[in-house]
Structure formats: C-alpha cells, structure tokens
Amino acid sequence: MSDEEPDLDAAYGLKTPDDSKRLYAAWAKTYDAGFAARMDYCLPERVVKAFVGCCPQGPVLDIGAGTGLVGAHMAAAGLGPVDGVDICQEMLDVAAERGVYRLLFLGDMTGRLDVVDGAYGAVISSGTFTTGHVGPEALDEVLRVAATGAQIAISVSKAHWNAAGFAAKFAELAGQIADLKLKTVRIYGDKTEGAHALDEGYVVLFRKG
Ligand SMILES: C[S@@+](CC[C@H](N)C(=O)[O-])C[C@H]1O[C@@H](n2cnc3c(N)ncnc32)[C@H](O)[C@@H]1O
C-alpha cells in the first residue's frame with residue numbers, strides 16, 4: 001500500500017476479503033475527515049432514514065459498520081441497541097470511539113458470522129454491498145442472523161446490482177422474504193464533484209418472512 005490516502009477507485013478495484021482488510025486498515029484514520037467529508041458522503045444517513053421509516057425493532061446489526069457513520073445516525077434517530085460487524089479491525093476501532101454501538105466484532109460476510117441464528121430484530125448496511133466488496137451470496141447470511149419478521153435495509157450500488165446478479169438472488173429468495181422495496185438514492189450530496197458525483201444506489205428494504 002502506498003502512503004497516499006486510499007480512494008474510491010482503489011475501493012472499487014478490490015477483489016478479495018483480504019484486499020478489503022488491507023485497504024480499509026490503511027483508510028480507517030482518514031475515511032471520515034478525508035473521503036466522507038470531501039465526497040459529501042450521504043449514503044449512511046439516507047439508508048438510516050429509509051430504515052427508520054419502516055419502524056424496525058432492535059437489536060440491530062450494522063453490516064460493514066466501518067467507522068460507524070450508520071451507528072451515529074441511528075443514535076441520532078434514537079434507535080438501538082446497535083451492534084456492528086466489519087472485516088477490518090482498524091475501521092471498528094474508529095467506530096468504537098463514537099460510543100454508539102453496544103458491541104463491535106470482526107466478521108467476514110462472505111463466510112459465516114459468529115452469531116446465532118435469528119439473533120437480530122433488524123439488519124442495516126450502508127456502502128458494503130458494492131463493487132469489489134460483498135455480493136448477493138451474503139444475503140443468505142443476512143437472513144440467517146435475522147429473526148423472523150426482521151426489517152432489513154441494505155444499500156446496493158446500482159452498478160453492482162446490475163453486474164453482480166442481485167435481481168436473480170432476490171428472485172431466488174422470494175419465498176423467504178416479504179415487503180421487498182427498492183428506493184433509489186444518491187450516494188453523495190450536492191457538494192461533491194468529479195466522476196462519482198452522481199453515483200446512485202438502491203436502499204433495498206425487505207423483511208425476513
Ligand atoms: C465503504 S465502507 C462502508 C462503511 C460504512 N458502512 C459507511 O457507510 O461509511 C465498506 C466497509 O465494508 C467492510 N467490508 C468489506 N468487505 C467486507 C466483508 N467481506 N465482510 C465484512 N465487512 C466487509 C470494509 O472493511 C468497510 O468498512
């Protein structure tokens with residue numbers, strides 16, 4: 001890894017979970033004040049807003065919690081308790097400093113989390129189901145850790161939705177989920193400029209049936 005701050009192009013170029021661990025370990029300390037501030041990164045707030053509108057019941061699991069931007073918006077909305085899981089300890093260390101999570105733990109969404117079946121009343125995720133990160137196959141693990149009836153809200157970048165087969169995976173899960181809705185949101189705010197300024201994602205809202 002070079003001394004330069006990692007950027008979006010590096011993030012979208014990730015290939016493996018180990019690549020993610022390395023990139024985010026190098027990014028953790030500058031992610032909020034650098035990337036999130038410079039890009040006017042609004043996705044976590046928009047995912048939380050859509051999630052809260054569905055009246056979820058805790059405890060909530062934040063998947064790919066990163067530096068805890070979702071947890072901060074959840075705390076502002078008065079919703080909890082919230083646990084966070086991420087593949088990168090350095091990102092979780094930054095999240096811990098916010099003091100808004102009940103528990104933060106390491107886990108790889110491409111495998112099995114150290115969580116019992118049905119442990120969470122709701123699941124949220126922002127920015128983690130995206131190019132180079134986590135694909136539709138992880139939805140089975142999301143459903144395993146969610147309780148029956150749990151509200152789930154995950155963002156999926158539009159480019160990843162199309163390229164990674166999310167539509168086919170949701171069709172396959174039709175008998176296990178209910179109330180599926182897609183809400184289109186911009187990932188960045190009006191203050192951002194450059195090639196990714198108008199990037200969009202879906203907030204995918206559904207319940208475990
Ligand atoms: C773009 S950041 C999003 C962080 C935070 N949710 C936000 O919106 O700011 C993506 C996060 O996903 C985590 N991640 C990447 N691959 C993962 C995996 N296989 N399992 C769990 N977390 C993963 C990264 O470490 C990183 O913290």
Side-chain angles (χ1 to χ4, degrees), residues 1 5-51 60-76 82-98 100-101 103-115 123-142 144-145 152-157 159-160 164 185-189 192 196 199 201-204:
M1 186 71 61
E5 186 189 336
D7 62 13
L8 262 187
D9 292 327
Y12 288 154
L14 296 172
K15 297 264 184 296
T16 68
D18 279 342
D19 290 346
S20 287
K21 271 190 221 168
R22 273 191 294 274
L23 179 104
Y24 283 100
W27 209 353
K29 288 219 155 48
T30 57
Y31 183 92
D32 290 354
F35 160 74
R38 193 172 53 246
M39 292 294 290
D40 193 13
Y41 177 56
C42 295
L43 186 64
E45 184 175 5
R46 289 171 180 165
V47 176
V48 169
K49 189 171 173 211
F51 182 65
V60 181
L61 180 62
D62 175 11
I63 290 176
T67 60
L69 294 173
V70 163
H73 289 291
M74 294 280 284
V82 186
D83 293 350
V85 62
D86 201 282
I87 201 169
C88 175
Q89 184 61 53
E90 288 82 352
M91 293 291 272
L92 292 178
D93 290 344
V94 177
E97 288 168 15
R98 296 180 186 277
V100 293
Y101 288 92
L103 174 73
L104 289 162
F105 61 98
L106 277 175
D108 178 356
M109 285 309 296
T110 66
R112 189 180 169 91
L113 299 180
D114 187 12
V115 170
V123 179
I124 187 167
S125 182
S126 158
T128 300
F129 288 80
T130 190
T131 306
H133 292 56
V134 174
E137 55 287 344
L139 291 169
D140 293 318
E141 186 62 358
V142 171
R144 186 188 70 76
V145 301
I152 300 164
I154 61 169
S155 75
V156 183
S157 65
H160 194 44
V185 291
R186 277 185 49 205
I187 296 173
Y188 306 103
T192 196
H196 293 287
D199 283 4
Y202 295 119
V203 182
V204 189

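Whatever order the structure lists ligands and atoms in, that order sets their numbers, starting from 1. Residues: numbered from 1 along the sequence shown.
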- prompt: Out of Asp108, Asp86, Asp19, who gets a non-hydrogen atom closest to atom 24 (C) of ligand 1?
  reply: Asp86
- prompt: Around atom CD of Glu90, are there more than 12 heavy atoms of other residues, nucleotides or ligands at under 6.0 Å?
  reply: yes
- request: Identify, for atom 4 (C) of ligand 1, the protein heavy atom at the shortest distance, and state residue, atom and that distance.
  value: Gly64 O, 3.3 Å
field: Location of contacts on Val134 toward ligand 1, heavy atoms closer than 4.0 Å
entry: side chain
- prompt: Is it the side chain, the backbone, both or neither of Met91 that has a heavy atom closer than 4.0 Å to ligand 1?
  reply: side chain
task: Would you indicate which of Phe35, Tyr12, Tyr31, Trp27 comes nearest to atom 3 (C) of ligand 1 when only heavy atoms are counted?
output: Tyr31
message: With respect to Asp62, determine whether any N or O atom, backbone or side chain, lies less than 3.5 Å from an N or O atom of ligand 1.
response: no
task: Report yes if some N/O of Val70 lies less than 3.5 Å from some N/O of ligand 1; otherwise report no.
output: no
query: So which heavy atom in the protein is nearest atom 12 (O) of ligand 1, and how far is it from that ligand atom?
result: Thr128 OG1, 3.4 Å
message: Is any side-chain heavy atom of Thr67 closer than 4.5 Å to one of Leu69?
response: yes
message: Once you restrict to heavy atoms under 4.0 Å, what part of Ser126 touches ligand 1? Side chain, backbone, both or neither.
response: both
message: Need the ligand 1 atom indices (1-based, order shown) with element for anything under 4.0 Å from a heavy-atom of Gly66.
response: 4 (C), 27 (O)
message: For atom 23 (C) of ligand 1, what is the closest protein heavy atom, and at what distance to 0.1 Å?
response: Ile87 CG2, 3.5 Å
- prompt: Side-chain contact, heavy-atom cut-off 4.5 Å: Met74 with Val100?
  reply: no
message: A side-chain contact here means heavy atoms from C-beta on lying under 4.5 Å apart; do Tyr202 and Phe129 qualify?
response: no
message: For the residue pair Thr110 / Asp108, report whether a side-chain donor-acceptor contact shorter than 3.5 Å exists.
response: yes
Approximate separation, where rounding is to 0.5 Å, of Cys88 SG and Leu23 CG: 8.5 Å
query: Considering only heavy atoms, does Ala65 approach ligand 1 within less than 4.0 Å through its side chain, its backbone, both, or neither?
result: backbone
- request: Examine Cys88 against ligand 1 and note whether any of their N/O atoms are separated by less than 3.5 Å.
  value: no
Within-4.5 Å side-chain heavy-atom neighbours: Ile154 and Ile63: no
- prompt: So is there a nitrogen or oxygen of Thr67 less than 3.5 Å from a nitrogen or oxygen in ligand 1?
  reply: no
- request: Mind listing the closest non-hydrogen atom pair of Pro17 and Ile87 along with its distance?
  value: CB-CD1, 3.5 Å
message: I'd like to check which ligand 1 atoms, numbered from 1 as shown, lie under 4.0 Å from a non-hydrogen atom of Leu69.
response: 9 (O)
task: Measure up the Phe35 and Tyr188 rings against each other and bin them: parallel (under 30°), tilted (30 to 60°), perpendicular (over 60°).
output: perpendicular
message: Distance under 4.0 Å to a non-hydrogen atom of Tyr24: what atoms of ligand 1 satisfy this?
response: 1 (C), 2 (S), 10 (C), 24 (C), 25 (O), 26 (C)
Closest to atom 16 (N) of ligand 1 (judged by heavy-atom distance), picking from Gly127, Ser157, Ser20, Ala11: Ser20
field: Nearest non-hydrogen protein atom, atom 20 (N) of ligand 1
entry: Met109 N, 2.9 Å
query: Are any non-hydrogen side-chain atoms of Leu8 and Tyr41 less than 4.5 angstrom apart?
result: no
query: Can you check whether His133 and Tyr24 have ring centres sitting under 6.0 Å from each other?
result: yes
query: So, His73 versus Phe51, ring centres under 6.0 angstrom or not?
result: no
task: Using a strict 4.0 Å cut-off to heavy atoms of Pro44, name the atoms of ligand 1 that fall inside it.
output: 8 (O)
message: At less than 4.0 angstrom from any non-hydrogen atom of Gly107, what atoms of ligand 1 do you find?
response: 20 (N), 21 (C)
